[in-house]
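Please read the structure below before turning to the comments.
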Amino acid sequence: MRSFKFLCLVFFCFNLSGYAQKDSIKSPEFLKFTQSVWVDSVMTTLSKEERIAQLIMVAAYSNRGEEHKQEILKLVKKQKIGGLIFFQGGPVRQVKLINEYQAASEVPLLGAIDAEWGIGMRLDSTIIYPFQMSLGALQNDSLIYAMGVEVAKQIKRVGLHLNFAPVVDVNNNAANPVINFRSFGENKVKVAEKGIAYMLGLQDNGVLPTAKHFPGHGDTDTDSHYALPRIMHSRARLDDTELYPFREIIKAGIGGVMVAHLDIPALDSTGIPSTLSKPIISGLLKDELGFQGLIVTDAMNMKGVTKDNSPGVVDKDAILAGNDLLEFTEDVPKAIQEIKKAIKKGLISQKEIDDRCRKILAIKQWVGLNNYKPIAIKNIDEDLNSSSAELLNRNLTEASLTVLRNESELLPLQRLDSLKIASISVGGEANNQFQKTLGLYSEIKHFNIPYEATKTELDSVKNNISAFNLVIIGIHDDSKYPRNNMKISAEVQSFLKAIAETKKSILTFFKNPYSLANLEVAESTSALILTYQDSKNSEDLAAQLIFGGVGANGKLPVSIGNKYIEGDGLTFSGGLRFKYTLPEDADMNAELLNRKIDSLMQQAMDLKAIPGGQILVARDQKVVFHKAYGYQSYSDTTKVKLSDLYDLASVTKITSVLPALMKLKDEGKFSLEAGIDTYLPYFKNSNKSGISMRKILAHQAGFKSWIPYWETTLRRNGTYKWKTIKKDSSARFPVKIAENMWLFKNYQKEIFKQIKRSDLEKEQKYLYSGLAFYLLPSIIENLSKEEFTSYLDANFYDKLGSTSLTYNPMKKYDLDKIIPTENDFFFRKRTIHGKVHDEGAIMMSGVSGNAGLFSNANDVAKLMQMYLNKGIYGEVNYISEATLEEFTKYQFPENGNRRGLGFDKPSLNERSINGNTAISASDASFGHTGFTGTMVWMDPETKLLYIFLSNRVQPTRDNTLLYKLNTRTNIQQILYDAIIE
């Protein structure tokens, strides 16, 4: 992150100085080497034919076989060509090939690539950055500069030197089939500014950029790959619009310009392609615009230039027109011979060829080829796919998200407890990333329909969404590129429009913006989000935008018919709820986190300390690590999913009764200084009468640690007493403990009685006790006048979107979504699965303040983040800051008690690697652990949140390896180690 901020500063400083002299032209840096010692020395070794060959670049592929490789080697060795442009393949294969080709070449080869959106445009297993249309929506061009920097690093890492980018065509024709999404947009000034930002990022880092497609390919409906486009604009119009970005980027000092295959009568009335036009290249580009850098042709195999022109001859004509470098020459020997003939005929001088050769060699020196070294293959995949590069990719997508409508400020969504949400993905895969991320924020019912759904399919969805009051529609793209078309049938369009007209709806459009003009539902939805393309990042971040995890800043780079104009876009801030992102976004080291946490979890699973688990790490309300590990149990082959529910055990204390008591305290209904008998008069005549709630919550009341309530249900021979448990349910035995195991209806009174009669310790000193937590739900019900679980749902879980935080999970979830705990050999005599592990809690119908809650890590994290935010999450104030501070501070440290009120705290003594928390955890931190192998911890000083869920009680509670390995706290320490200072 620091390096990114530095890049932004560098770019900002350039903008201040680079345009101070608006009319001056900055000369390309490589030109200073045209008369260098190295260039002179190489020139003396080259024959006339070899000097011509330096102007030729042929196409190379790393996904083709031996025959292709030998063809390239022959051109390198025999024809001594100047360079290669690499197309499809993979990075490792390409590096091996470029090393081999360089070894065969007497003069180092210049390597180029079309990397408009990064090397992922051509090479598999590499990062694909957003297309330029997406980048056109950005309001922060320093991000584009940063992308140029990273693309330059990646280009050099695969052994190349030129990037045939950026595209600075002004796309002012919605029907353009070849530029379109490859353009920054229709605003000439913004196209220039963004093109310059990208150019500087590349050029400042040793890669030569090439602005294209001169003199402007934006206003045409013909693809020059297949025919010669004609542009009929006047010279005045061309000067004002198409040429504007080229003029500005030349002034800014770009090293290269690529000439397009275009017929532009206003510039050359002969009808020949601009690539072959001396008036356009020598007259306009060189003389009028003053460009002195590298002039390269567009690919010389494209139909826009090859029609009526034979190979070799067409290359000669391109050289005569003023081009320095021929890209994708189809017949190298013939091209060299034709150029030699032209020299002999006096059509071009040898000096002109030599000057252009020197220009090519100067570029080679500028990129470091005068000190060529083979490219290392080791770690290339890691280098090309670094976390910082991935984060930049996400930041670019995030910054492009554009909100075009937001009626009644629907976005970001508020009051989750009032919403019943359905999502419909049109043309998307089942369980796509958009729907996955939506599900991280709230409970959502997902539907998927094809572009041409049948009436039966549409009726089924219609019937199923009738109960929902908000529908989120995602229209996906089935193409690798965001084509300007709309495949959705009229029936599906009518169906979507009917939904939008009858319900609150959000439309997220993952396609080319131009195609919105043909989508009727776009006019009717409550909110409209445009992502410009369909990618995993765009789907993920669009979902986050809807819930306020990220904000909206994008502005439309093109006009869409009469519906929207260039520059439209509403803005709002993010940070409302969790942002799901990468560690570097929170200044944490991703490599360290992933490597060390994975290692410790693998160790714990290998040694059978746990069969699996979930871990979530957040910093500054950014979820930076969220993984599921292993299996649900040792005897199962079902892998743990992030959505699976774990038994939280004692973490229930801080996720159920504690938030309720804090809220009641804020409302003046609960006092920490009042005795327990104030709220439960049943205890007035007991040894616990008058003991303050503060002491009870801080485990300073002298209560016994625990009571094995279940033992009172058994006879000495191990069978159940007739008045406690029956095999069948009835009005007298309604509490289900397990299959064929039903508890007497009034047994909760027996638990209360045992707590009331239990002895107190001789001294009121620290002793962890769960006894009072069985009583607290009753206190909360008495004070709130509401049923306990309903109170929690209404006041916390539903509002937070923590819908998996629940007691008795089998009421809502299938068994395969719930992680099993112990094989119980002494009470229930079976595997505990779907029911709470704690015996006391299950005897209270599964609802207790001591244990009983189930959840996945993500939903626990929302409640914990609210604590870290001093009582606020999603702009809802749940608990006052003062109350949270009171509950989370040490209560009786003078007595050696490390506890807060209900919360656990770090040791008061010198920290140990085997302590209850990481050595680096601050004294301000707080959290809790659970008997089943759970741990949650928050640290306000570092803004760290840590959730660890497991079922370490597999196969039985006697499995204490998790404690001995100290896996939970060792992982916690890694979080501190990973913070980048």
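Fair warning: this is a prediction, and the values are worked out from it, not measured in the lab. Along the sequence shown, residues are numbered consecutively beginning with 1.
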Point to revise | Minimum heavy-atom distance Ser758-Leu771, with the two atoms named | key: OG-CD1, 4.0 Å

Review point. Can you check whether Ala857's main-chain N or O pairs, donor with acceptor, with Tyr646's side chain at less than 3.5 Å?
Key: no

Exercise for review: Without swapping roles, check the side chain of Gln954 against the backbone of Ile610 for a donor-acceptor pair under 3.5 Å.
Suggested key: no

**Study point:** Lys579 bridged to Asp585 by N-O distance under 4.0 Å
**Key:** yes

Check your understanding: Charged N to carboxylate O below 4.0 Å: is that the case for Arg957 and Glu839?
Key -> yes

Review point. With a cut-off of under 6.0 Å to the ring centre and 45° to the axis, is Lys665 in cation-pi contact with Phe670?
Key: no

Practice item. Using atom types as modelled and distance alone, determine if a side-chain donor or acceptor of Gln748 lies under 3.5 Å from a backbone N or O of Met843. Key: no

Check your understanding: Do the side-chain N and O atoms of Asn966 and Thr969 include a donor-acceptor pair separated by under 3.5 angstrom?
Key -> yes

Practice item. Could you grab the distance from atom CG of Leu805 to atom CG of Asn856, nearest 0.5 Å is fine? Key: 8.0 Å

Point to revise | Short N-O contact, Asp759 and Lys688, less than 4.0 angstrom | key: no

Review point. If you round to the nearest 0.5 Å, how far is CD of Glu787 from CD1 of Ile780?
Key: 11.0 Å

**Study point:** Residue pairs, two or more places apart or on separate chains, that pass salt bridge (Lys or Arg N to Asp or Glu O under 4.0 Å) and touch residues 628-645
**Key:** none

Practice item. Assign the ring pair Phe625 / Tyr629 to parallel, tilted or perpendicular, where the plane angle (0 to 90°) is split at 30° and 60°. Key: parallel

**Study point:** Donor-acceptor pair, side chain of Tyr890 and main chain of Pro906, under 3.5 angstrom
**Key:** yes

Check your understanding: With a 3.5 Å cut-off and no angle check, do the side chains of Thr883 and Asp666 form a donor-acceptor pair?
Key -> yes

Practice item. Work out which heavy atom in Ala978 is nearest to a heavy atom in Leu592; give both atom names and the distance. Key: CB-CD2, 3.9 Å

Review point. If you round to the nearest 0.5 Å, how far is CD1 of Ile751 from OG1 of Thr712?
Key: 8.0 Å

Review point. Can Asp923 and Arg911 be said to form a salt bridge (Lys or Arg N to Asp or Glu O under 4.0 Å), step by step?
Key: CA-CA 11 Å; Asp923 287 344; Arg911 303 286 172 79; 2.6 Å; yes

Revision key, fill the gap. Minimal heavy-atom distance between Leu962 and Gly933, with the atoms involved, is CD2-CA, 3.9 Å

Review point. How about Tyr768 and Trp706: do any of their side-chain heavy atoms sit closer than 4.5 Å?
Key: no

Exercise for review: Please indicate whether Glu739 has more than 12 foreign heavy atoms, meaning atoms of other residues, nucleotides or ligands, lying under 6.0 Å from its CD.
Suggested key: no

**Study point:** Check: Asp647 side chain, His837 main-chain N or O, donor-acceptor pair, under 3.5 Å
**Key:** yes

Check your understanding: Do side-chain atoms of Asn687 reach the backbone of Arg757 as a donor and acceptor pair under 3.5 angstrom?
Key -> no

Check your understanding: Ring centres of Tyr867 and Tyr873 under 6.0 Å apart?
Key -> no

Revision key, fill the gap. The residue among Leu853, Thr803, Asp859, Thr789 that forms side-chain contact (heavy atoms from CB on, under 4.5 Å) with Tyr797 is Leu853

Check your understanding: Does the Ser686 side chain pair with the main chain of Lys756, one donor and one acceptor, at a distance under 3.5 Å?
Key -> no

Review point. Should we count CD1 of Ile913 as having more than 12 external heavy atoms under 6.0 Å?
Key: no

Check your understanding: Would you call Glu886-Arg694 a salt bridge at under 4.0 Å N-O?
Key -> yes

Check your understanding: Using a distance-only test with no angle check, is there a side-chain donor-acceptor pair under 3.5 angstrom linking Lys695 and Ser692?
Key -> no

Review point. Are the side chain of Arg968 and the backbone N or O of Thr934 linked by a donor-acceptor pair below 3.5 Å?
Key: yes

Practice item. Count the heavy atoms belonging to other residues, nucleotides or ligands that lie under 6.0 Å from NZ of Lys812, then report whether that count exceeds 12. Key: yes

**Study point:** Lys627 and Asp598 ion-paired at < 4.0 Å
**Key:** yes

Practice item. Might you work through the side-chain contact (heavy atoms from CB on, under 4.5 Å) test for Ile691 and Phe683, ending with a clear yes or no? Key: CA-CA 10 Å; Ile691 297 178; Phe683 282 84; over 6 Å; no

Check your understanding: If you measure only the distance, is there a donor-acceptor pair under 3.5 Å linking the side chains of Lys765 and Asn897?
Key -> no

Check your understanding: Side-chain donor-acceptor pair under 3.5 Å between Arg899 and Tyr766, yes or no?
Key -> yes

Exercise for review: Starting at NZ of Lys663, measure out to CG of Asn795 and round the result to the nearest 0.5 Å.
Suggested key: 4.5 Å

Exercise for review: Begin from the C-alpha positions of Tyr747 and Thr713 and carry the test side-chain contact (heavy atoms from CB on, under 4.5 Å) through to its verdict.
Suggested key: CA-CA 10 Å; Tyr747 198 82; Thr713 68; 3.7 Å; yes

Point to revise | Basic-acidic side-chain contact under 4.0 Å: Asp824, Arg830 | key: no

Check your understanding: So how far is it from Asn970 CG to Ile597 CD1, rounded to the nearest 0.5 Å?
Key -> 11.5 Å

Exercise for review: Measure up the Tyr878 and Phe796 rings against each other and bin them: parallel (under 30°), tilted (30 to 60°), perpendicular (over 60°).
Suggested key: parallel

Check your understanding: For atom CD of Glu711, is the number of surrounding heavy atoms from other residues, nucleotides or ligands below 6.0 Å larger than 12?
Key -> yes

Review point. Between the side chains of Ser925 and Asp939, is a donor N or O closer than 3.5 angstrom to an acceptor N or O?
Key: no

Point to revise | Lys817/Asp814 salt bridge by N-O under 4.0 Å criterion | key: no

Review point. Are Tyr709 and Tyr774 close enough that their ring centres sit under 6.0 Å apart?
Key: yes

Revision key, fill the gap. When every non-hydrogen atom of Leu901 is compared with those of Leu658, the smallest separation belongs to O-CD2, 3.4 Å

**Study point:** For Glu885, side chain to side chain contact (heavy atoms under 4.5 Å, CB included) partners two or more places apart
**Key:** Glu881

Check your understanding: Do you see a donor-acceptor pair shorter than 3.5 Å between the side chains of Thr932 and Asn951?
Key -> no

Point to revise | Considering all heavy atoms, the nearest Ser387-Glu584 contact | key: CB-OE1, 3.1 Å

**Study point:** Candidate pair Phe887 and Ile879, rule side-chain contact (heavy atoms from CB on, under 4.5 Å), full reasoning
**Key:** CA-CA 11 Å; Phe887 271 68; Ile879 300 164; over 6 Å; no

Check your understanding: Can you name the side-chain hydrogen bond (donor to acceptor under 3.5 Å, both in side chains) partners of Asn869, sequence neighbours left out?
Key -> Gln621, Gln865

Exercise for review: May I ask you to establish whether Lys622 and Tyr580 are in a cation-pi arrangement, using a distance under 6.0 Å from NZ or CZ to the six-membered ring centre and at most 45° from the ring axis?
Suggested key: no

Check your understanding: What are the two closest heavy atoms between Arg828 and Val836, and how far apart are they?
Key -> NH1-O, 2.8 Å

Review point. So, Lys669 side chain and Leu661 main chain: donor-acceptor pair closer than 3.5 Å or not?
Key: no

Review point. Going by distance alone, is a donor N or O of one side chain under 3.5 Å from an acceptor N or O of the other, for Ser656 and Tyr807?
Key: yes

Review point. Quick one: CG on Asn895 to CD on Glu763, what's the gap to the nearest 0.5 Å?
Key: 9.0 Å

Practice item. Look at the side chain of Gln614 and the backbone N and O of Ala628, then say whether any donor-acceptor pair between them is shorter than 3.5 Å. Key: no

Review point. Any side-chain heavy atom of Ile832 sitting closer than 4.5 Å to one from Pro820?
Key: no

